[in-house]
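Presented below is the structure to which this report refers.
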Amino acid sequence: MFLIILLIVIYTKKQLTTRTYRFFRAHIWLLCSANYLSAICGIVNANIISTAVVWKYVCNVADALLGFVVLCNYMLYLLSLLYMADFKERFIRIGMIPPGLFCVMAITSPLHGLYYDITPAGQIRYGILYYGGKVMVMVYLVGITVFLLKKGSQLTRKHKQLIVFIHVVVLLSYVIQARCPLDFRLMYPLFTVLVFLYFLTMRSPDYYIDHLTGLYNINGFMELLQERVGYRMPMHCLLLRINNYNSLLRIFQYDHLTKMRQNIADILLGTKARGHLYRISSSTFAVICDDAHQVEVVHQVMLEDLPQRWVIGEEVIAQEYCFYQLEYTGDETDFNKLAQWIHYARSDHHGHHEPGELIPLKYDTVSESEQKQEVAHLIDEAIMDQSMEIHMQPVYSLKENRITSLEVLSRLKDRSGKYINPEFFIHVAEDNHTIVQLGELIFRRACIFASQNHIFDMGIEYMNINVSPGQCQYEHLTERLVSIAEEYNIPVERIHVEITESEFQDSEAVERTLAKIRDAGMKVALDDFGTGCSTLLSILDMPVDYVKIDKSLVWSYGAGDNQFLDDLMPVIKAEGKRVIAEGIETEEHIDIFRRLSGDYLQGYYFSKPVPEREFVSFVKNFNHVTV
């Protein structure tokens with residue numbers, strides 16, 4: 001009944017036309033059939049219904065064959081999540097050989113009895129190959145689980161955990177079946193419930209549907225695109241954007257613009273691309289076409305049918321449209337590059353083309369300004385969702401001979417899951433005046449990490465958190481930082497802020513803020529000293545407690561290219577400030593700062609910046625913390 005309900009739900013919803021979805025739908029049908037056939041076999045084998053020997057053979061052979069088909073289809077579905085379910089792959093063809101051999105042995109079982117045999121009393125008796133088939137299934141499940149965990153970088157952590165849970169339950173059902181013989185396959189009903197759960201969390205068609213227009217949404221579009229790239233299948237697409245949509249939102253009622261989008265969707269449904277339409281943003285639609293010629297045909301239809309003036313209620317909305325052609329020919333073009341082009345097409349920007357012109361998306365389409373705009377959107381989303389990541393890099397104390405502090409480093413991913421250069425997105429945040437909210441988010445994440453992991457019980461004395469000069473323009477920065485620290489019971493004395501002087505625009509405002517930060521009980525570190533903009537005068541005049549020597553100066557000194565540190569270190573120490581050396585990668589670097597009476601070391605010699613859990617494990621091991 002679970003599966004029947006599931007099939008009804010699937011066939012009453014719009015179904016994404018991807019290979020992955022087709023394998024999943026086939027799995028539901030096969031699993032449903034396998035449940036019923038297993039029940040029939042149980043009835044026949046238990047002699048609840050009297051049948052001839054030949055029919056017992058037929059039922060059990062069919063049951064075995066269907067079981068292997070279920071296994072093979074399920075393996076292909078899991079491989080399709082990695083876009084590897086292609087019969088051109090040699091390892092897939094080889095992997096199908098063992099199930100095929102077992103199918104042959106099951107069919108010929110009446111001749112040799114190695115798979116099934118029926119006693120003179122009419123009882124079914126399982127042979128050695130029957131149990132061999134079960135072992136093969138278990139080996140395949142364990143193997144595909146390991147393969148997904150190692151290769152499934154595009155799968156979410158939740159997705160992987162759910163698949164592992166399903167496989168563990170199925171393997172346990174095999175063990176139970178072996179120890180307590182039953183007249184039905186325990187795996188099937190358990191698998192059914194688990195697949196139902198999996199459907200609700202990972203494969204629901206609603207996840208791919210835009211509820212405003214009933215078209216597919218950006219999730220469905222990107223999954224289809226990634227599958228096409230994964231299998232090197234050509235794809236031709238026309239993108240339509242309502243120009244200056246964000247400006248329209250400030251002028252017209254939202255309901256009127258919603259009605260306009262619904263009308264556009266109705267017009268698109270009248271084109272030859274019916275059934276291949278997507279709404280991939282508030283203002284952008286995508287049409288999947290068969291070839292480049294159809295893209296041009298649909299473009300002409302849109303030019304003729306889309307009005308330049310919409311009359312909705314009492315509003316008259318003058319409208320222009322942008323058209324883009326996305327063509328993937330099955331070549332080496334990276335999915336991330338295609339995703340970047342699509343994001344460009346979705347974003348409001350000043351185009352350099354005539355209204356209504358069809359613009360091919362190519363490598364030179366996206367300029368630096370559009371990249372900044374994309375990053376600005378990602379920053380806005382991170383602030384809204386509180387989703388900024390932080391990594392930690394340990395700081396080693398020469399005096400204590402252990403890790404005594406850490407630097408908190410912010411991390412932001414692009415649409416493809418790759419990390420963006422922190423300097424780049426910090427500059428974008430400052431240009432877009434979101435640096436204060438972003439800085440507070442990073443500071444809050446650091447406090448949450450410290451509170452939840454009790455890092456000050458592991459030998460950590462304080463944590464360094466970067467503050468940008470743009471944040472220092474905010475008059476109430478100190479009060480906000482103190483308030484957040486108190487919210488998580490983090491003593492402000494445990495927090496040091498780092499700032500890079502090379503970026504100062506209003507040095508007086510920055511120095512006033514740093515003085516307030518020190519008055520509140522926090523320490524201040526001057527970051528990246530030695531990059532060319534910092535001078536000895538900076539150390540003497542600025543309200544800082546620590547000086548961080550940039551790695552470029554450390555490396556050049558270690559290579560014998562300068563002796564600047566010989567003169568610099570005594571001046572810093574004479575001012576009562578402590579020194580943190582960055583870029584420590586060799587024993588020689590450590591020896592240099594031991595000789596120069598340095599205080600703290602930071603670099604890949606100890607550890608690169610790592611995520612929260614990895615850092616906690618690293619510090620416990622390094623500092624020999626047993627709690």
Side-chain angles (χ1 to χ4, degrees), residues 153-154 156-158 218 336 339-340 343 347 371-395 405-453 455 460 462-474 476-490 492 494-500 503 517 522 525 527-528 607-616 618:
S153 57
Q154 69 265 43
T156 65
R157 185 177 180 182
K158 180 180 177 182
I218 182 64
N336 298 327
Q340 188 179 28
H343 186 68
S347 305
Q371 294 175 12
K372 288 184 177 179
Q373 188 172 34
E374 177 184 0
V375 172
H377 285 305
L378 293 170
I379 292 171
D380 290 339
E381 291 175 5
I383 293 172
M384 184 180 301
D385 301 336
Q386 298 286 292
S387 58
M388 175 67 68
E389 290 185 27
I390 57 172
H391 285 194
M392 270 62 64
Q393 187 172 29
V395 179
S405 57
L406 62 95
E407 181 180 1
V408 177
L409 299 162
S410 55
R411 294 290 184 263
L412 181 67
K413 291 181 178 179
D414 61 19
R415 303 292 179 185
S416 66
K418 294 182 178 179
Y419 288 111
I420 302 169
N421 187 316
E423 292 184 6
F424 182 67
F425 73 72
I426 291 296
H427 281 304
V428 171
E430 289 186 328
D431 291 343
N432 287 275
H433 308 290
T434 54
I435 188 62
V436 173
Q437 299 98 308
L438 182 64
E440 286 190 7
L441 171 59
I442 296 167
F443 191 89
R444 182 180 297 277
R445 291 298 302 269
C447 290
I448 292 173
F449 163 74
S451 176
Q452 291 182 344
N453 293 281
I455 64 168
I460 299 297
Y462 57 87
M463 55 183 180
N464 294 351
I465 305 175
N466 290 281
V467 173
S468 80
Q471 288 175 264
C472 291
Q473 310 298 316
Y474 177 45
H476 302 291
L477 175 66
T478 303
E479 291 82 355
R480 286 293 303 148
L481 299 185
V482 171
S483 174
I484 294 171
E486 290 177 347
E487 184 179 344
Y488 297 97
N489 297 317
I490 305 297
V492 291
R494 299 280 197 174
I495 298 173
H496 295 181
V497 300
E498 296 186 9
I499 191 163
T500 304
E503 299 174 348
I517 286 175
M522 292 179 269
D527 199 7
D528 294 340
S607 172
K608 65 180 181 179
V610 294
E612 301 177 23
R613 290 187 178 182
E614 289 185 35
F615 178 81
V616 171
F618 171 82

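For the numbers below, each heavy atom of this structure counts, side chains included, while hydrogens, waters and symmetry mates do not. As the structure is a prediction and not an experimental result, all values here were calculated from the model.
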Using modelled atom types only, decide if a donor and an acceptor are shared between the side chain of [X] and the backbone of [Y] within a distance under 3.5 Å.
| X | Y | answer |
| --- | --- | --- |
| N466 | V408 | yes |
| E440 | Q437 | no |
| N421 | E423 | yes |
| R445 | M388 | yes |
| D414 | S416 | yes |

Side chains of [X] and [Y], heavy atoms from C-beta outward: is any pair under 4.5 Å?
| X | Y | answer |
| --- | --- | --- |
| I495 | F443 | yes |
| E430 | P469 | yes |
| F449 | I390 | yes |
| L406 | I455 | yes |
| I499 | C472 | yes |
| Q393 | S607 | no |

Could you go step by step and tell me if E407 and H496 meet the side chain to side chain contact (heavy atoms under 4.5 Å, CB included) rule?
CA-CA 9 Å; E407 181 180 1; H496 295 181; over 6 Å; no
Aromatic plane relationship, Y474 with H476 - under 30° parallel, 30 to 60° tilted, over 60° perpendicular
perpendicular
Where do [X] and [Y] come nearest, in terms of heavy atoms and distance?
| X | Y | answer |
| --- | --- | --- |
| C447 | I484 | SG-CG2, 4.3 Å |
| M463 | A446 | CE-O, 3.7 Å |
| I435 | S468 | CG1-OG, 3.2 Å |
| F425 | V375 | CB-CG1, 3.6 Å |

Interatomic spacing from [atom1] in [X] to [atom2] in [Y] - rounded to 0.5 Å:
| X | Y | atom1 | atom2 | value |
| --- | --- | --- | --- | --- |
| I383 | L378 | CD1 | CG | 11.0 Å |
| I426 | L438 | CD1 | CG | 5.0 Å |
| I379 | L412 | CD1 | CG | 6.0 Å |
| D385 | L441 | CG | CG | 10.0 Å |
| M522 | I517 | CE | CD1 | 5.5 Å |
| M392 | E612 | CE | CD | 4.5 Å |

Please step through side chain to side chain contact (heavy atoms under 4.5 Å, CB included) for the pair L477 and V467, ending with a clear verdict.
CA-CA 10 Å; L477 175 66; V467 173; 3.9 Å; yes
Please determine, by modelled atom types, if N432 and T434 share a side-chain donor-acceptor pair under 3.5 angstrom.
no
May I ask you to say whether K608 pairs ionically with E614, meaning some side-chain N is under 4.0 Å from a carboxylate O?
no
Residues forming a ring pair (Phe, Tyr, Trp, His ring centres under 6.0 Å) with Y419, sequence neighbours excluded
H391
